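First the structure, in the form of structure tokens, and then the observations on it.
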Amino acid sequence: MIEKKFETSMDRERQDKALFCLCTEQKLNYETTNSLRGIDAILMSGKNRLAFAEVKGVNENFGEKEYVRISVRKLHHCQKEQINEGIPTCIIWAFYDGIGYTWVKKIEGTVIWLGMKHPRPGSLWDRELMFYMNQDKLNYIKY
């Protein structure tokens with residue numbers, strides 16, 4: 001079965017805003033990847049590839065909940081890219097008021113089976129294993 005894409009133009013705008021915020025803070029640049037790659041961007045210094053980045057949207061302000069989440073499947077994609085390419089992966093959570101981020105090698109938390117109460121027709125991943133991590137483990141940059 002071919003996986004349906006549910007990403008909107010608003011999701012892509014939020015992703016670009018989050019990547020721009022991180023790269024401005026860290027004095028880096030980025031290049032987005034094609035949607036089939038499994039990660040969202042490559043973080044670079046000039047033309048040197050330094051890391052991968054995966055951006056997850058969060059529909060709240062930083063600190064409104066104690067945790068952030070990401071699918072275990074998505075973490076697997078990030079780990080695979082990190083191992084295959086030999087560069088680290090940064091996970092970025094894009095909140096309304098800024099970003100929280102960490103590196104895959106520093107991630108720690110809990111795994112729970114979860115998802116939408118009413119999965120969308122055609123979605124393979126609206127119910128799946130989710131990884132939860134406390135927000136106080138993230139580095140935070142305000143917009």
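The figures that follow rest on heavy atoms only: side chains count, while hydrogens, waters and symmetry mates do not. Everything quoted here is computed from the prediction, not taken from an experiment. If you read the sequence from its start, that first residue is 1, and numbering goes on from there.
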Rounded distance (nearest 0.5 Å) linking atom CG of N134 with atom OH of Y67 = 10.5 Å
Roughly how far, to the nearest 0.5 Å, is the OH atom of Y140 from the CD atom of Q135?
-> 9.0 Å
Indicate if W93 and L22 have the same hydrophobic cluster label, given that clusters are the connected sets of ILVMFWY residues with side-chain heavy-atom separations under 4.5 angstrom.
-> no
Atom CD1 of I141 and atom CG of D97: how far apart are they, to the nearest 0.5 Å?
-> 12.5 Å
Which ILVMFWY residues can you reach from Y96 by hopping between side chains whose heavy atoms are under 4.5 Å apart?
-> none
In one Ile/Leu/Val/Met/Phe/Trp/Tyr side-chain cluster, 4.5 Å: I70, L129 | yes
For residues R49 and E85, determine if any side-chain heavy atom of one lies less than 4.5 Å from a side-chain heavy atom of the other.
-> yes
Counting distance only, does the side-chain N/O of S45 pair as donor-acceptor with the main-chain N or O of N48 below 3.5 Å?
-> no
Identify whether I99 and V68 are in the same connected component of the hydrophobic contact network (ILVMFWY, side-chain heavy atoms under 4.5 Å).
-> no
Shared hydrophobic cluster, W113 / V72 (ILVMFWY, side-chain heavy atoms < 4.5 Å) = yes
When you look at L138 and F62, which way does the side-chain contact (heavy atoms from CB on, under 4.5 Å) test go after all the steps?
-> CA-CA 10 Å; L138 301 176; F62 189 82; 4.2 Å; yes
Kindly determine whether K65 and V58 satisfy side-chain contact (heavy atoms from CB on, under 4.5 Å), including the steps that lead there.
-> CA-CA 10 Å; K65 291 184 182 154; V58 183; over 6 Å; no
Give a yes or no answer on whether the side chain of T89 reaches the backbone of V104 with a donor-acceptor pair at less than 3.5 Å.
-> no
Atom NZ of K47 and atom CD of E31: how far apart are they, to the nearest 0.5 Å?
-> 10.0 Å
Atom pair CD1 (I87) and CD1 (I42), whose distance is rounded to the nearest 0.5 Å | 6.5 Å
Is the closest side-chain heavy-atom distance between L19 and Q15 below 4.5 Å?
-> yes
Give a yes or no on whether Y30 and F52 share a hydrophobic cluster (residues Ile, Leu, Val, Met, Phe, Trp, Tyr; joining criterion: side-chain heavy atoms under 4.5 Å apart).
-> no
Nearest non-hydrogen partners of E54 and C78, listed with the distance = CB-SG, 3.7 Å
Smallest heavy-atom separation, I92 atom then A53 atom, equals CD1-CB, 4.1 Å
Is there a side-chain contact between N139 and Y101 (heavy atoms, below 4.5 Å)?
-> yes
Side-chain contact, heavy-atom cut-off 4.5 Å: M133 with T102?
-> yes
Heavy-atom side-chain proximity of L43 to C23 below 4.5 angstrom = yes
Find the distance between CD (Q79) and NE2 (H77) and round it off to the nearest 0.5 Å.
-> 11.5 Å
Count the heavy atoms belonging to other residues, nucleotides or ligands that lie under 6.0 Å from OH of Y143, then report whether that count exceeds 12.
-> yes
